[in-house]
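First the structure, in the form of structure tokens, and then the observations on it.
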Amino acid sequence: MATPQVASTISSQIGTPTSRAAKRALRLGSLLSLVALGAGLMLTAEPAWAQARGANPPVTAPKKGGPTPVAVPPISAEPISARLIIRLEQVERQAAELTGRIEVLEALLAKQQASQDRLVQELEAERANQSAVIVSGSRVAEMTTVESSPAAPADAQALVGDEVPAPAPPAGPDTLFTAAQLALQRGDYLTAESNLTNLVANFPTAPEGIEGRWLLGEARFVQSAWGPAAEAYLSYLDAAPQGRRASESLVRLAGAFGQLGNAKMRCSALVEFKRRTPNPDPTLKARADAEVARSPCPTT
């Protein structure tokens, strides 16, 4: 391919451009120069045209070394008011659930309260029935006597509750007391209570009558007649505050008041027991300790 320098050289070799051959040579050299220049421009522009047509994709420049960029999630475009409304709906739903649970608990509590009220009514009715039985037993005791042998009048027999015996002289206090003891040993608590009630009513100041007050409390205590048992123990303590059964009566009295739910009187009986009996016998001490362990009492 000829260049402008070649054309100049050819012109110098031909000489002055007066001849026709010289002119042709000059034109040929100029034409060759133009052709060469156009070819160069086409070679230079070819990659750009190819890239513009999509034939050659642009070459990505090599990345420099460094940490890989972390993709950051886009910030929510949701407005704050919308989020607050959603949160408020969640709080209202939770409040509704809590309200439903509270209503269920209130219904259960009302049901339990009604059940307790029925239980209290049944206990009151049972206590009234026991009081009626005691009054009835007292009337029967006034009409009954102890059957005794002609040869041994001191031997006591159990009173018969089903059949009313023939009228006979009233039995003495020792006879009634012994008959009550025998009935208790047999487990016939109603007969024992009838004899003891008769004994206390007719011989209140006799030694058997005073002792019979404590024994009457025992007969009622084993029948779970807590109120009448407490009355009998208090009657003994009034008649014999320093009697040999006073400490036992105080422990039993505490137990009866505890069953009745009277914590104040129960604790008072236990305090009085400790004051009167600093050194009780092992049996009585064990009974008192068991009663104390049932429920604590105030120390002041």
Side-chain angles (χ1 to χ4, degrees), residues 130-131 133-256 259 273 277 280-288 290-291:
Q130 290 180 356
S131 300
V133 170
I134 291 172
V135 173
S136 153
S138 300
R139 293 177 179 176
V140 171
E142 294 176 357
M143 300 173 62
T144 57
T145 56
V146 179
E147 296 180 358
S148 57
S149 172
D155 292 338
Q157 302 291 333
L159 295 178
V160 180
D162 295 336
E163 298 179 0
V164 178
D174 56 342
T175 303
L176 291 172
F177 187 80
T178 304
Q181 286 182 320
L182 294 174
L184 286 175
Q185 293 175 2
R186 296 194 308 269
D188 188 359
Y189 301 117
L190 291 179
T191 299
E193 187 175 352
S194 297
N195 282 287
L196 291 170
T197 302
N198 193 8
L199 171 63
V200 172
N202 293 314
F203 308 98
T205 59
E208 295 84 358
I210 295 175
E211 187 82 2
R213 299 168 191 255
W214 168 80
L215 197 60
L216 180 60
E218 293 289 290
R220 292 171 175 175
F221 193 92
V222 296
Q223 298 179 80
S224 300
W226 312 117
E231 293 177 0
Y233 292 128
L234 287 172
S235 176
Y236 176 85
L237 291 172
D238 290 339
Q242 303 298 327
R244 67 188 188 96
R245 301 290 188 180
S247 297
E248 295 180 61
S249 296
L250 286 170
V251 176
R252 287 294 202 188
L253 188 62
Q259 294 293 337
F273 166 77
T277 317
D281 61 81
T283 302
L284 185 58
K285 183 178 183 303
R287 185 182 298 176
E291 183 58 41

Side chains of [X] and [Y] in contact at under 4.5 Å (non-hydrogen atoms):
X    : Y    : result
L253 : F273 : no
E208 : L176 : no
F203 : F177 : no
R252 : R287 : yes

Give me the atom names and distance for the closest heavy-atom approach of A192 to A180.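 Minimum heavy-atom separation between A192 and A180: CB-O, 3.6 Å.
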
State, to 0.1 Å, how close W214 and S249 come at their nearest heavy-atom pair, and which atoms those are.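 Heavy atoms of W214 and S249 come nearest at CD1-OG, 3.3 Å.
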
E211: salt bridge (charged side-chain N to carboxylate O under 4.0 Å, His left out) partners, not counting sequence neighbours: R244, R245

With distance as the sole test, does [X] use its side chain to make a donor-acceptor pair with the main-chain N or O of [Y] at under 3.5 Å?
X    : Y    : value
T197 : E193 : yes
Q223 : A219 : yes
R213 : P204 : yes

Please enumerate all residues that pass side chain to side chain contact (heavy atoms under 4.5 Å, CB included) together with Q259, with sequence neighbours excluded.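 With neighbours one apart ignored, the set is W226.
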
Not counting sequence neighbours, which residues clear ring pair (Phe, Tyr, Trp, His ring centres under 6.0 Å) with Y189? List them please. none

